[in-house]
2 protein chains.
Amino acid sequence: MNIGDVAAASGLPAKTIRYYEDIGLIAPRRGENGYRTFDEKDLHKLNFVARSRSLGFSTEDCRALLELYDDRSRASADVRAVAEANLEKVAAKIAELQAMQKTLTTLVHRCHGDARPDCPILEDLAAPAA
Amino acid sequence: MNIGDVAAASGLPAKTIRYYEDIGLIAPRRGENGYRTFDEKDLHKLNFVARSRSLGFSTEDCRALLELYDDRSRASADVRAVAEANLEKVAAKIAELQAMQKTLTTLVHRCHGDARPDCPILEDLAAPAA
DNA sequence: CCTTGACCTTCCAGTCACTGGAAGCCCTAT
DNA sequence: ATAGGGCTTCCAGTGACTGGAAGGTCAAGG
């Protein structure tokens with residue numbers, strides 16, 4: 001398979017796949033013409049990474065997870081530790097965004113949103129009410 | 001005021017303040033020694049930007065909001081439009097993160113997290129259940 | 001007067017995970 | 001022979017900073 005084929009099969013842009021090779025997540029062979037040649041294992045890895053990324057894991061997490069996947073003597077505790085750390089980061093980000101959402105919603109509701117210049121949003125930004 | 005003073009007063013790192021000058025959000029004067037000299041207006045702008053950033057506005061949004069703030073003949077509708085666009089982005093990000101959170105939580109709960117190698121987390125990453 | 005240390009300056013590079021684009025080779029079909 | 005599409009590399013840019021090096025400035029203490 002050439003890069004276009006695995007791009008279509010994995011849903012990842014060819015550019016991203018080349019980048020993953022750059023940072024050492026995959027290592028496809030090369031044909032005589034210099035083209036990357038992907039086998040089923042490469043495609044499987046790409047799908048693994050795509051799925052991991054979609055769950056919020058960093059590319060370094062992906063590297064660790066791929067290693068654990070390949071390590072038959074891994075402890076599931078090690079995998080869970082990586083997932084739990086990611087889960088905590090996700091939860092923290094959600095909390096932060098929800099705080100923003102709450103404030104923004106209040107401010108947007110308070111603003112008339114008409115042609116007049118007075119605006120509680122700007123007032124808050126200029127001098128937040130405690 | 002020198003940069004250290006406004007850094008302390010605004011809670012922003014000096015590096016960040018220099019960066020804001022670089023991208024044209026603020027324009028402090030310079031003393032004879034080449035030092036940046038900040039007045040109350042500069043500090044006010046920095047606080048405005050810090051507050052806006054903490055509510056998820058991009059630096060480009062900040063630029064627009066500062067302009068609207070300075071424009072006495074602004075329409076509050078213009079401000080609200082910027083805030084609503086941001087609110088939508090925040091909501092979209094929350095939804096995305098919550099989907100991750102849901103999946104991750106399920107996977108983490110299903111994993112024993114002991115010394116054995118079998119792990120539902122890796123199984124899902126390798127071949128997500130539809 | 002000199003030195004020390006805290007503060008300031010600029011500039012370059014790195015972060016993260018890509019993404020865009022240019023220049024050029026390869027392959028197939030007409 | 002040429003036209004197109006796909007492939008290659010390399011360089012640069014994104015957003016919003018952050019770290020660090022090399023060097024100028026200033027106030028206080030010995």
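To find a chain, count down the sequence lines: A is the first, B the second, and so on, and within it residues start at 1.
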**Request:** Measure from the side chain of R36(B), starting at C-beta and using heavy atoms only, and say which of dT8(D), dT9(C), dT18(D) lies closest.
**Result:** dT9(C)

**Request:** Return each pair, listed once, that meets salt bridge (charged side-chain N to carboxylate O under 4.0 Å, His left out) where at least one residue sits in residues 111-126 of chain A; pairs must be two or more places apart or across chains.
**Result:** D114(A)-R116(A), D124(A)-R51(B)

**Prompt:** With sequence neighbours left out, which residue pairs that include part of residues 87-102 of chain B fulfil the side chain to side chain donor-acceptor pair (under 3.5 Å) condition?
**Reply:** none

Hey, what are the protein-to-nucleotides 3-6 of chain D N/O distances that come in under 3.5 Å?
| unit_1 | atom_1 | unit_2 | atom_2 | d |
| --- | --- | --- | --- | --- |
| dG6(D) | N2 | Y35(A) | OH | 2.6 |

**Message:** Let's see if you get this right: which residues in residues 45-57 of chain A place a heavy atom under 4.0 Å from DNA chain C?
**Reply:** R53(A)

**Item:** Sequence neighbours excluded, every pair satisfying ring pair (Phe, Tyr, Trp, His ring centres under 6.0 Å) that has a member inside residues 53-106 of chain B
**Value:** H44(B)-Y69(B), F48(B)-Y69(B)

**Complete:** The bend of the helix from dC1(C)-dG30(D) to dT30(C)-dA1(D), taken between the axes of its five terminal pairs at each end and rounded to 10°, is 30°

**Prompt:** Got a sec, which pairs hit ring pair (Phe, Tyr, Trp, His ring centres under 6.0 Å) with one end in residues 75-122 of chain B, sequence neighbours left out?
**Reply:** none

**Prompt:** Of all residues at least two apart in sequence or in a different chain, which pass the side-chain contact (heavy atoms from CB on, under 4.5 Å) check with E32(B)?
**Reply:** none

**Complete:** Contacts of N33(B) meeting side-chain contact (heavy atoms from CB on, under 4.5 Å) (sequence neighbours excluded), chain-then-number -> Y35(B)

**Request:** Check whether any side-chain N or O of T16(B) sits under 4.0 Å from OP1 or OP2 of dA16(D), and answer yes or no.
**Result:** no

**Request:** To the nearest Å, give me how far apart CG (D22(A)) and P (dC18(C)) are.
**Result:** 12 Å

**Message:** Using the side-chain heavy atoms of R30(A), tell me which of these nucleotides is nearest: dT8(D), dA16(D), dA17(C).
**Reply:** dT8(D)

**side-chain contact (heavy atoms from CB on, under 4.5 Å) partners for S58(B), two or more places apart** = E60(B), D61(B)

**Message:** Is R18(B) close enough to dC7(C) that one of its side-chain N or O atoms is under 4.0 Å from OP1 or OP2 there?
**Reply:** no

Please enumerate all protein N or O atoms sitting under 3.5 Å from an N or O of nucleotides 20-23 of chain D, with distances to 0.1 Å.
| unit_1 | atom_1 | unit_2 | atom_2 | d |
| --- | --- | --- | --- | --- |
| dG20(D) | O6 | K15(B) | NZ | 2.2 |

**Request:** Give every residue pair that meets the side chain to side chain donor-acceptor pair (under 3.5 Å) criterion with at least one member in residues 10-22 of chain A, sequence neighbours excluded.
**Result:** E21(A)-R30(A), E21(A)-R36(A)

